[in-house]
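Because the structure is predicted, anything quoted here is derived from the model rather than measured.
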Amino acid sequence: MNETNSYCKALGIRVPRLETAMKAPDANYYSLLIVALLERGEPITLEEAATRFEEAGVAPFGRALASLKHCQPGRPPIYRDGNLYALDPHDQEADLWAFRLRLRPPKSSPRVARPDPRPLPSPDAPLSVANLDEAWRGGVPGTWSAQRIAVCVLDAHGAAMQPADVVAFVGARSRWSQLSADSARYWHRNAAIRVLSDGSWALEPEHAAIRSARQAVRERIVVEANRKRLEKEREANAERLAGMRRVIVHAFPARKPEAIVLVDVGRREVASFVGEEIAAARRKILDYDIIAAVDVRALLRSLDLEPGERRLAELGPPQKTKQLNRQGRTLKITVALLARGSCGISRPFADERVLRGYLRR
């Protein structure tokens with residue numbers, strides 16, 4: 001077996017063994033089909049997968065084949081291409097399954113290393129306004145009670161405050177919260193906040209709710225740090241994808257193309273190739289990093305093109321039908337239906353006879 005292949009290289013993992021992966025808690029017929037594809041490094045048929053399952057001791061051939069057929073094998077990150085099933089290693093689900101099947105270690109946790117070097121607030125020390133600014137960067141959590149919000153504000157200021165000032169402080173940092181100026185009416189006698197004679201709010205020292213609020217802020221800061229890290233990763237990934245050359249391919253007829261149209265997404269250029277010019281289209285397609293089309297894998301096969309490590313984007317509907325009611329009425333989902341629904345174009349595609357007439361002329 002090869003030490004690596006295009007699938008595993010894209011995921012950054014070593015080539016797995018089915019005998020090992022089958023012992024993972026999340027192993028099932030669908031996930032083990034992913035492992036079989038990672039192990040082979042190229043598309044396979046369900047019969048080939050069932051044979052491999054039998055060799056590895058997963059199940060006898062007949063039972064394995066029947067189970068593979070019933071596990072909806074053609075859903076992302078697996079794609080059906082005729083009788084073959086291929087893996088899209090760039091799909092996020094592929095990376096998730098690699099982790100669930102213990103094919104890669106967990107990624108760094110924000111609880112272990114935070115992007116912000118400043119220390120987290122201690123539950124034994126008062127909060128600061130900076131702590132609240134960081135914790136409430138995305139607004140006050142909707143699950144926090146009015147009392148917890150007020151406790152945080154009073155603890156951060158270290159003094160009694162008028163209710164209106166507490167509400168204003170929160171309002172400047174969150175578009176919505178459960179706190180209002182008359183929230184104290186609903187707090188019980190042993191609450192963490194007492195109302196003074198002048199109507200201001202003050203904390204009850206050593207109340208358990210204060211430490212609990214500090215811990216909640218601490219956890220919220222970790223969540224916000226994680227969100228910022230993920231945003232940076234998404235931005236970096238978006239920049240990387242934006243730098244890739246992308247092309248949308250449309251061929252007519254799809255099974256045996258006589259004409260091809262290439263849409264360069266970055267340059268917003270359209271190029272048409274007819275007849276003998278299709279050879280030039282084949283060469284031009286391989287200049288791109290991302291190839292998008294309806295039934296993209298079948299189209300590339302009809303053009304006798306091997307995508308290699310290029311990314312493929314399937315533009316066709318992810319499912320063929322949708323059940324509309326309990327009586328079993330179904331809606332057939334087509335590309336034309338999606339184009340009409342999303343773009344409002346009554347006739348998104350020209351009649352096939354019209355296109356054939358263009359080709360003849």
Test item: [X] side-chain N/O and [Y] main-chain N/O as donor-acceptor pair under 3.5 Å:
| X | Y | value |
| --- | --- | --- |
| Gln162 | Ala164 | no |
| Ser302 | Leu299 | yes |
| Arg40 | Leu37 | no |

ask   = Is Asp287 paired with Lys284 through a side-chain N to carboxylate O contact shorter than 4.0 Å?
value = no
inquiry  = Between Arg52 and Glu48, does any side-chain N to carboxylate O distance fall below 4.0 Å?
reply    = no
Summary of ring-ring contact (aromatic ring centres under 6.0 Å, His included) pairs that have at least one residue in [range], sequence neighbours excluded:
| range | result |
| --- | --- |
| residues 149-181 | His157-Phe169 |
| residues 180-228 | Trp187-Trp201 |
| residues 220-276 | none |

inquiry  = Under a plain distance cut-off of 3.5 Å, with no hydrogens placed, do Arg148 and Ser212 share a side-chain donor-acceptor pair?
reply    = yes
Arg229 versus Asn226, side-chain donor and acceptor atoms under 3.5 Å = yes
All N/O donor-acceptor pairs, side-chain side in residues 260-272, below 3.5 Å, sequence neighbours left out:
residue	atom	partner	partner atom	Å
Asp264	OD1	Gly266	N	3.2
Asp264	OD1	Arg267	N	2.9
Asp264	OD2	Arg245	NH2	3.2
Asp264	OD2	Tyr288	OH	2.9

task = Decide yes or no for Ser145 and Gln178: does some side-chain heavy atom of the first lie under 4.5 Å from some side-chain heavy atom of the second?
result = no
inquiry  = Measuring only between side-chain heavy atoms, which start at C-beta, is His90 closer than 4.5 Å to Pro77?
reply    = no
I'd like to check the side-chain hydrogen bond (donor to acceptor under 3.5 Å, both in side chains) partners of [X]; sequence neighbours left out, ordered by chain and number.
| X | value |
| --- | --- |
| Ser183 | Ser180 |
| Asp133 | Arg173 |
| Asn28 | Ser31 |
| Ser200 | Asp198 |

ask   = From Asp95 CG over to Gln92 CD, what is the distance, rounded to the nearest 0.5 angstrom?
value = 8.0 Å
request  = Working to the nearest 0.5 Å, report the span between CG of Leu203 and CG of Leu154.
outcome  = 4.5 Å
Other than [X], what residues sit in its cluster of Ile, Leu, Val, Met, Phe, Trp and Tyr side chains whose heavy atoms are under 4.5 Å apart, directly or through others?
| X | value |
| --- | --- |
| Leu96 | none |
| Leu241 | Met244, Ile290 |
| Leu324 | Leu331, Leu337 |

key: ILVMFWY network linking Val195 to Ile210, side-chain heavy atoms under 4.5 angstrom   = yes
key: Pairs touching residues 65-88 that satisfy side-chain hydrogen bond (donor to acceptor under 3.5 Å, both in side chains), sequence neighbours left out   = Asp81-Arg301
request  = Give a yes or no on whether Glu231 atom CD has more than 12 heavy-atom contacts from other residues, nucleotides or ligands under 6.0 Å away.
outcome  = yes
